[in-house]
Amino acid sequence: VANNQKKSLPAPEKSGGKATKKAQPAAPERDPYAYYDELYEKKPRKRYPVLYLQHGMCEDETGWVRQGKTDIIMDNLLADKKAEPMLIVMEFGQSGGDFGKILIEEVIPMIDSEYRTVATPKGRAMAGLSMGGGGSFVYAQRHPEMFNAAYSTSGLLDHRYRPTIPAYYDIGWLWSVAQTSPVEYLRNATNEQIEKLRSVRWMLDCGDDDSLIQTNLDFYSEMKRAKVNVEFRVRDGVHDWKFWREALPLILNFSFPAK
């Protein structure tokens, strides 16, 4: 941003209908948002790393823009030289289920083909809040060859009723949490799977009064037991957008540290 002046740019540009239908065939009316700074079009040879940023339950790809103020926060960090320029892709998706397959096989290739990205694991990071935080760890655990970093804020990292799964989990995303729990993945992982996790940088945070803090503590404990490096922060807060907006600068700088 010119002259280090803080400013708010218009809402992030949408990627376009053709790419949208390919990326999300089950809901073609939803467009993924792709944020980029004003220098993206002025420096046509520059390639950008990509942060895939996922929403929470009962939300969609607009959550991080409308409530999270991602564009404003990123503009101000760039103005203060406290963030690395990057693309931030926000797509509609539910944890587990078909979205993981869509993300890896369709969304990422589409973004790499339509934008000037650093199309290597070093140039990709995965992050999300709540359900999306759990999903981010699910995808990074199962595809560590695709990502440089993974960050979960207030993540739903396990279901909380082991060993019995309640009947109401037999619906969509709730059942996927039971099936793809990041905590259970660590408990059952082979030595080979654990070794692959060490190629990814991991971080999570959670509010001290968040009802999901126990699943975050469990994930941290399992990572330490497996001797996989992980950073964990407990901050003052609950399960709300105030906490997640405050988490966003941490997510951005952990994903691609400012130089």
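Each residue takes its place number in the sequence, starting with 1.
- In terms of heavy-atom proximity, Ala140 sits nearest to Phe147 at CA-CD1, 4.1 Å.
- For Ile194, the side-chain contact (heavy atoms from CB on, under 4.5 Å) test picks out Leu186, Ala189, Leu197, Arg198, Ala226, Val228, with sequence neighbours left out.
- Between the CG atom of Leu248 and the CD1 atom of Ile88 there is a distance of 6.5 Å, given to the nearest 0.5 Å.
- In terms of heavy atoms, Ser130 sits closest to Leu212 at OG-CD1, 4.2 Å.
- Applying the salt bridge (charged side-chain N to carboxylate O under 4.0 Å, His left out) definition to pairs two or more places apart or across chains, those involving residues 207-222 are Arg187-Glu222, Glu222-Arg225.
- Trp244 meets the side chain to side chain donor-acceptor pair (under 3.5 Å) test with Ser154; sequence neighbours excluded.
- In this structure, the side chains of Gln54 and Leu129 stay at 4.5 Å or more apart for every pair of heavy atoms.
- With a 4.5 Å cut-off on side-chain heavy atoms, Ile213 and Val234 count as touching.
- No donor-acceptor pair closer than 3.5 Å links the side chain of Trp202 to the backbone N or O of Glu231.
- Not counting sequence neighbours, the partners of Thr120 by the side-chain contact (heavy atoms from CB on, under 4.5 Å) test are Val118, Lys122.
- Tyr220 is linked by a side-chain contact (heavy atoms from CB on, under 4.5 Å) to Lys224, Val230, Phe232, counting only residues two or more places apart in sequence or in another chain.
- By the 4.5 Å heavy-atom criterion applied to side chains, Val138 and Pro182 are counted as neighbours.
- Formation of a donor-acceptor pair under 3.5 Å by the Asn76 side chain with backbone atoms of Ala79 is not found in this model.
- Ring to ring, Tyr40 and Tyr48 are close: their centroids are under 6.0 angstrom apart.
- In this structure, Tyr35 and Asp75 have side chains that are in contact, with non-hydrogen atoms separated by less than 4.5 Å.
- Donor-acceptor pairing under 3.5 Å is lacking for the side chains of His239 and Ser211.
- Here the straight-line distance linking atom CG of Leu157 with atom OG of Ser152 works out to 4.5 Å at 0.5 Å rounding.
- When the ring pair (Phe, Tyr, Trp, His ring centres under 6.0 Å) test is applied to Tyr185, no partner is found at least two apart in sequence or on another chain.
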Item checked: Audit row: Val107, Tyr52, side-chain contact (heavy atoms from CB on, under 4.5 Å) steps and yes/no -> CA-CA 10 Å; Val107 176; Tyr52 292 89; 4.1 Å; yes
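- Here the CG atom belonging to Leu250 is positioned 12.0 Å from the CG atom belonging to Leu204, to the nearest 0.5 angstrom.
- Contacts of Glu192 classified as side-chain contact (heavy atoms from CB on, under 4.5 Å), with partners at least two apart in sequence or in another chain: Thr190, Lys196.
- Checking Ser181 against Asp158 by side-chain atom types alone, a donor-acceptor pair falls below 3.5 Å.
- Inter-residue side-chain proximity for Met86 and Pro49 is flagged as met; some heavy-atom pair is nearer than 4.5 Å.
- Hydrophobic clustering of Ile, Leu, Val, Met, Phe, Trp and Tyr side chains at less than 4.5 Å, counting indirect connections, unites Ile104 with Met110.
- Applying the salt bridge (charged side-chain N to carboxylate O under 4.0 Å, His left out) definition to pairs two or more places apart or across chains, those involving residues 237-255 are Arg235-Glu246, Lys242-Glu246.
- Annotation for Gln141 and Phe219: closest pair NE2-CE1, 3.7 Å, computed over non-hydrogen atoms.
- Rounded to the nearest 0.5 angstrom, Tyr139 OH and Ile108 CD1 are separated by 11.0 Å.
- To the nearest 0.5 Å, atom CG of residue Asp37 and atom CE of residue Met74 are 7.0 Å apart.
- Between Thr117 and Ile111, the closest side-chain pair of non-hydrogen atoms falls below 4.5 Å.
- Listed by first then second residue, pairs satisfying salt bridge (charged side-chain N to carboxylate O under 4.0 Å, His left out) with a partner in residues 124-142 read Asp112-Arg124, not counting sequence neighbours.
- Atom CG in Asn229 sits 8.0 Å away from atom CE in Met223 (nearest 0.5 Å).
- Listed by chain and number, the residues in a side chain to side chain donor-acceptor pair (under 3.5 Å) with Thr153 are Asp205 (sequence neighbours excluded).
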Please output the side-chain donor-acceptor pairs of residues 251-259 that fall under 3.5 Å, not counting sequence neighbours, one pair per line with the distance.
residue, atom, partner, partner atom, Å
Asn253, ND2, Lys82, O, 2.9
Asn253, ND2, Pro249, O, 3.1
Ser255, OG, Ile251, O, 2.7

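- Identified under the salt bridge (charged side-chain N to carboxylate O under 4.0 Å, His left out) test for residues 39-51, with sequence neighbours left out: none.
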